[in-house]
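What follows is one structure encoded as structure tokens, with my remarks underneath.
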Amino acid sequence: PERTDIGDGGLLSGLPCAAPCVYGIQIGETPLDQVIPMLEQNGLSECQREDSASWIGITCGYSVVVQVDRATSVVNATGFFPSVPISLGEIIEKYGEPNFVSLQADGPTEAPTSRMSLFWDELKMTVEMPQIDSHIYTLEGTTTAEMVIFLDEAQYIDSNEISFGEYYKRWNGYGTYQP
């Protein structure tokens, strides 16, 4: 299925609302019964719902994902796949440097892959970078974001709460990161 064209999802443009708002949906505020109508009002259709014991997931247009806490029936996470390239340099220019990064290296030496996530504590924002075929991840200002996620306090890991090591590392600027 094709993703709906959502541009930058509001991350840089602030349209239709500024981060951490996603298409009018606010973490900790928007109730479950308003999620699909708000997304459809913004041109996102083909919404699918997935229920689990603790959350309800809603995906619209294969582009925007919303998670609702089953206990409160209120949104506790949102995410989207931008349909235009958003570079790490543009994100840092707008929001400042990330607090920390995580590097997930998988696969054997002969077929290595890595995925990198960057975290901004103030916005409780995670930016997922594309998977690469190496255990050494080079971040540049031109590296483009694959997905942007906003989380509530309970779901977000703050840099004050984690131990840095092989998996989590302090932001060390552009350059090479490895386990």
What distance separates [X] [atom1] from [Y] [atom2], expressed to the nearest 0.5 Å?
X: Leu118; Y: Leu139; atom1: CG; atom2: CG; answer: 5.5 Å
X: Met129; Y: Thr138; atom1: CE; atom2: OG1; answer: 12.0 Å
X: Leu39; Y: Thr59; atom1: CG; atom2: OG1; answer: 10.0 Å
X: Arg3; Y: Tyr62; atom1: CZ; atom2: OH; answer: 10.5 Å
X: Glu97; Y: Trp171; atom1: CD; atom2: CH2; answer: 6.0 Å
X: Trp55; Y: Leu32; atom1: CH2; atom2: CG; answer: 13.0 Å

ILVMFWY cluster, Tyr95 and Phe150 together (side-chain gap under 4.5 Å) =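 Looking at the clustering, Phe150 is in the same group as Tyr95.
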Is Leu11 reachable from Leu88 through a run of I, L, V, M, F, W or Y residues, each pair having side-chain heavy atoms under 4.5 Å apart?
->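 Yes, it is one cluster - the side chains of Leu88 and Leu11 are joined through contacts under 4.5 Å.
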Determine the minimum heavy-atom distance between [X] and [Y], stating which atoms define it.
X: Met38; Y: Ile25; result: SD-CG1, 4.0 Å
X: Met147; Y: Val65; result: CE-CG2, 4.2 Å
X: Cys17; Y: Gly24; result: SG-N, 3.2 Å
X: Lys94; Y: Leu12; result: NZ-O, 3.2 Å
X: Gly28; Y: Val74; result: C-CG1, 3.4 Å
X: Lys169; Y: Tyr177; result: CD-CD2, 4.2 Å

Test item: [X] side-chain N/O and [Y] main-chain N/O as donor-acceptor pair under 3.5 Å:
X: Ser83; Y: Gly7; result: yes
X: Asn99; Y: Ser159; result: no
X: Glu29; Y: Gln26; result: no
X: Thr143; Y: Gly141; result: no
X: His135; Y: Gly107; result: yes
X: Ser87; Y: Thr142; result: no
X: Asp69; Y: Ala71; result: yes

Glu93 atom CD, over 12 foreign heavy atoms within 6.0 Å =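 Counting other residues, nucleotides and ligands, CD of Glu93 stays at 12 neighbours or fewer.
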Qualifying residues under side-chain contact (heavy atoms from CB on, under 4.5 Å), relative to Ser163, sequence neighbours excluded |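 side-chain contact (heavy atoms from CB on, under 4.5 Å) list for Ser163, sorted by chain: empty.
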Report the residues that fulfil side-chain contact (heavy atoms from CB on, under 4.5 Å) with Ile162, sequence neighbours left out, ordered by chain and then residue number.
->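 side-chain contact (heavy atoms from CB on, under 4.5 Å) list for Ile162, sorted by chain: Phe100, Ile157, Phe164, Tyr168.
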Within a strict 4.5 Å, meaning less than it, do heavy atoms of the [X] and [Y] side chains meet?
X: Ser102; Y: Phe119; value: yes
X: Pro98; Y: Ile92; value: yes
X: Tyr137; Y: Val101; value: no
X: Trp120; Y: Val127; value: yes
X: Ile149; Y: Phe80; value: no
X: Leu151; Y: Asn76; value: no
X: Ser114; Y: Leu103; value: yes
X: Ile6; Y: Tyr23; value: yes

Steps toward side chain to side chain contact (heavy atoms under 4.5 Å, CB included) verdict (Ile132, Thr113) = CA-CA 5 Å; Ile132 60 160; Thr113 63; over 6 Å; no
Provide the full list of salt bridge (Lys or Arg N to Asp or Glu O under 4.0 Å) pairs with a residue in residues 99-127, sequence neighbours left out, each pair given once.
->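 Every pair satisfying salt bridge (Lys or Arg N to Asp or Glu O under 4.0 Å) with a residue in residues 99-127: Arg115-Glu146, Lys124-Glu153.
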Looking at residues at least two apart in the chain, or sitting in another chain, which of them share a ring-ring contact (aromatic ring centres under 6.0 Å, His included) with Tyr167?
->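 So Tyr167 forms no ring-ring contact (aromatic ring centres under 6.0 Å, His included) with any residue.
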Any side-chain donor near an acceptor of the partner, Ser117 and Glu128, under 3.5 Å =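 Their side chains do contain a donor-acceptor pair, which is all the 3.5 Å distance test asks for.
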Take Thr78 and Val64 through the test side chain to side chain contact (heavy atoms under 4.5 Å, CB included) and record every step on the way to the result.
-> CA-CA 7 Å; Thr78 58; Val64 175; 6.0 Å; no
Candidate pair Gln67 and Gln155, rule side chain to side chain contact (heavy atoms under 4.5 Å, CB included), full reasoning = CA-CA 11 Å; Gln67 180 176 291; Gln155 303 222 41; 2.8 Å; yes
Tell me the disulfide (SG to SG under 2.5 Å) pairs involving residues 42-144, sequence neighbours left out?
->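 Passing the test, one end in residues 42-144: Cys47-Cys60.
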Linking Ile, Leu, Val, Met, Phe, Trp and Tyr through side-chain heavy atoms less than 4.5 Å apart, which residues share a cluster with Ile136?
->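 Its cluster partners, ordered by chain and number, are none at all.
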